[in-house]
Amino acid sequence: AQSVTQLGSHVSVSEGALVLLRCNYSSSVPPYLFWYVQYPNQGLQLLLKYTSAATLVKGINGFEAEFKKSETSFHLTKPSAHMSDAAEYFCAVSKGAQKLVFGQGTRLTINP
Amino acid sequence: GAGVSQSPRYKVAKRGQDVALRCDPISGHVSLFWYQQALGQGPEFLTYFQNEAQLDKSGLPSDRFFAERPEGSVSTLKIQRTQQEDSAVYLCASSLTPGQGADTQYFGPGTRLTVL
């Protein structure tokens with residue numbers, strides 16, 4: 001069965017510091033992986049997705065993620081945090097051809 | 001262009017009442033999904049439509065939950081005899097193509113249901 005685990009329910013970084021949000025997946029087949037961001041009282045917005053093309057995926061707002069099969073990981077990074085990056089981030093895996101299975105989420109706080 | 005819209009944005013119901021939540025997907029999107037997001041949790045899958053056909057309803061928590069998409073566009077999620085544990089944000093998402101695991105799902109803003 002496909003699932004994802006996000007390590008750290010809360011991450012706090014200083015403005016301008018590196019952002020690293022961790023996601024590990026379990027899948028019996030090569031997965032499709034997604035990172036979504038959720039701002040308060042809003043729906044989810046796609047940041048980036050891995051679809052078995054390039055292992056380093058670049059997304060919106062300066063975020064990127066690297067698919068590492070040997071580590072079953074798909075961690076999200078951004079070199080320099082901005083105050084506007086404060087939000088909830090969800091890693092997800094596509095199960096079968098339809099539904100997404102989400103992790104528990106990581107709340108990112110940016111300190112001025 | 002217009003994204004996925006949901007109404008109402010907020011709904012307060014007394015325990016035992018029936019509620020209906022509406023989703024307007026992006027025009028032309030074949031696939032439509034409903035998810036339930038409890039406070040502090042990630043979204044959990046409820047059901048999936050391809051056009052008007054409900055192909056997967058494995059995530060519906062009980063027979064009090066019912067979803068339809070009669071004309072292959074707008075969808076309604078109905079919850080009968082609401083219980084306090086039904087309190088959550090209900091998210092609707094749509095995607096362009098059927099049965100493509102890599103396809104991007106576009107989410108609406110959600111309906112926050114509070115059952116008193």
Side-chain angles (χ1 to χ4, degrees), chain A residues 1-10 21-25 27-54 57 59-60 67 74 76 87-107, chain B residues 2-10 21 23-26 29-51 53-60 67 89-112:
Chain A
Q2 286 131 314
S3 66
V4 292
T5 301
Q6 292 184 240
L7 300 176
S9 58
H10 291 86
L21 305 182
R22 300 178 185 273
C23 173
N24 288 87
Y25 69 91
S27 175
S28 57
V29 297
Y32 298 123
L33 292 160
F34 305 78
W35 275 100
Y36 280 87
V37 60
Q38 187 176 36
Y39 298 100
N41 298 316
Q42 295 187 28
L44 283 76
Q45 179 183 10
L46 180 71
L47 282 175
L48 49 81
K49 64 180 179 182
Y50 168 74
T51 58
S52 58
V57 182
I60 62 171
F67 174 73
F74 190 57
L76 182 71
E88 187 91 17
Y89 292 79
F90 293 95
C91 182
V93 62
S94 178
K95 182 171 182 178
Q98 300 100 19
K99 59 187 135 185
L100 293 176
V101 176
F102 288 88
Q104 293 296 301
T106 298
R107 180 168 300 278
Chain B
V4 178
S5 62
Q6 293 185 245
S7 61
R9 290 293 313 277
Y10 302 90
L21 312 181
C23 172
D24 285 81
I26 295 172
H29 277 199
V30 170
S31 298
L32 186 144
F33 307 81
W34 284 98
Y35 294 86
Q36 180 190 58
Q37 185 177 20
L39 187 64
Q41 303 295 317
E44 293 192 354
F45 171 81
L46 292 177
T47 188
Y48 161 67
F49 289 87
Q50 180 178 316
N51 295 308
Q54 189 174 20
L55 299 186
D56 186 346
K57 53 183 181 180
S58 62
L60 296 177
V89 175
Y90 291 85
L91 295 167
C92 177
S94 69
S95 66
L96 181 61
T97 53
Q100 296 295 322
D103 208 9
T104 297
Q105 292 186 24
Y106 296 88
F107 283 80
T111 294
R112 182 177 299 277

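Here the structure is a predicted model, which is why all the values come from computation and not from measurement. To find a chain, count down the sequence lines: A is the first, B the second, and so on, and within it residues start at 1. Just so it is clear, the values below take in all heavy atoms, side chains as well, and ignore hydrogens, waters and symmetry mates.
Taking chain A as the reference chain and counting heavy-atom pairs below 4.5 Å, the highest number among B:G108, B:G110, B:A93 is found for B:G108. Interface check for chain B: of the options A:G43, A:C91, A:S9, the most heavy-atom pairs under 4.5 Å are formed by A:G43. Options B:P43, B:G40, B:G59, B:C92 differ in how many heavy-atom pairs under 4.5 Å they form with chain A, and the most are formed by B:P43.
By the side chain to side chain donor-acceptor pair (under 3.5 Å) test, A:Y50 is found to be paired with no residue, residues two or more places apart in sequence or in another chain being considered. Residues meeting the side chain to side chain donor-acceptor pair (under 3.5 Å) test with B:W34, sequence neighbours left out: B:S75.
The closest side-chain heavy-atom distance from A:L100 to B:Y35 is below 4.5 Å. Under the 4.5 Å side-chain criterion, counting only non-hydrogen atoms from C-beta, B:R112 is in contact with A:N41.
Separation of atoms CD (B:E44) and NZ (A:K99) is listed at 11.0 Å; rounding is to 0.5 Å. Interatomic distance, B:T104 OG1 to A:F34 CZ, rounded to the nearest 0.5 Å: 6.0 Å.
Heavy-atom distances place the side chain of A:Q38, and not its backbone, under 4.5 Å from chain B. Both the backbone and the side chain of A:Q104 come within less than 4.5 Å of a heavy atom in chain B. Using a 4.5 Å cut-off between heavy atoms, B:F49 does not touch chain A at all. For A:L46, the part lying near chain B is the side chain, with the backbone staying farther off; criterion is any non-hydrogen pair under 4.5 Å. Using a 4.5 Å cut-off between heavy atoms, B:S58 contacts chain A through its side chain alone, with no backbone atom that close.
When all heavy atoms of B:G42 and A:F90 are compared, the pair lying nearest together is CA-CE2, 3.4 Å.
Around atom CD1 of A:I60, more than 12 heavy atoms belonging to other residues, nucleotides or ligands sit under 6.0 Å away. In the displayed structure, B:Y106 atom OH is contacted under 6.0 Å by at most 12 heavy atoms of other residues, nucleotides or ligands.
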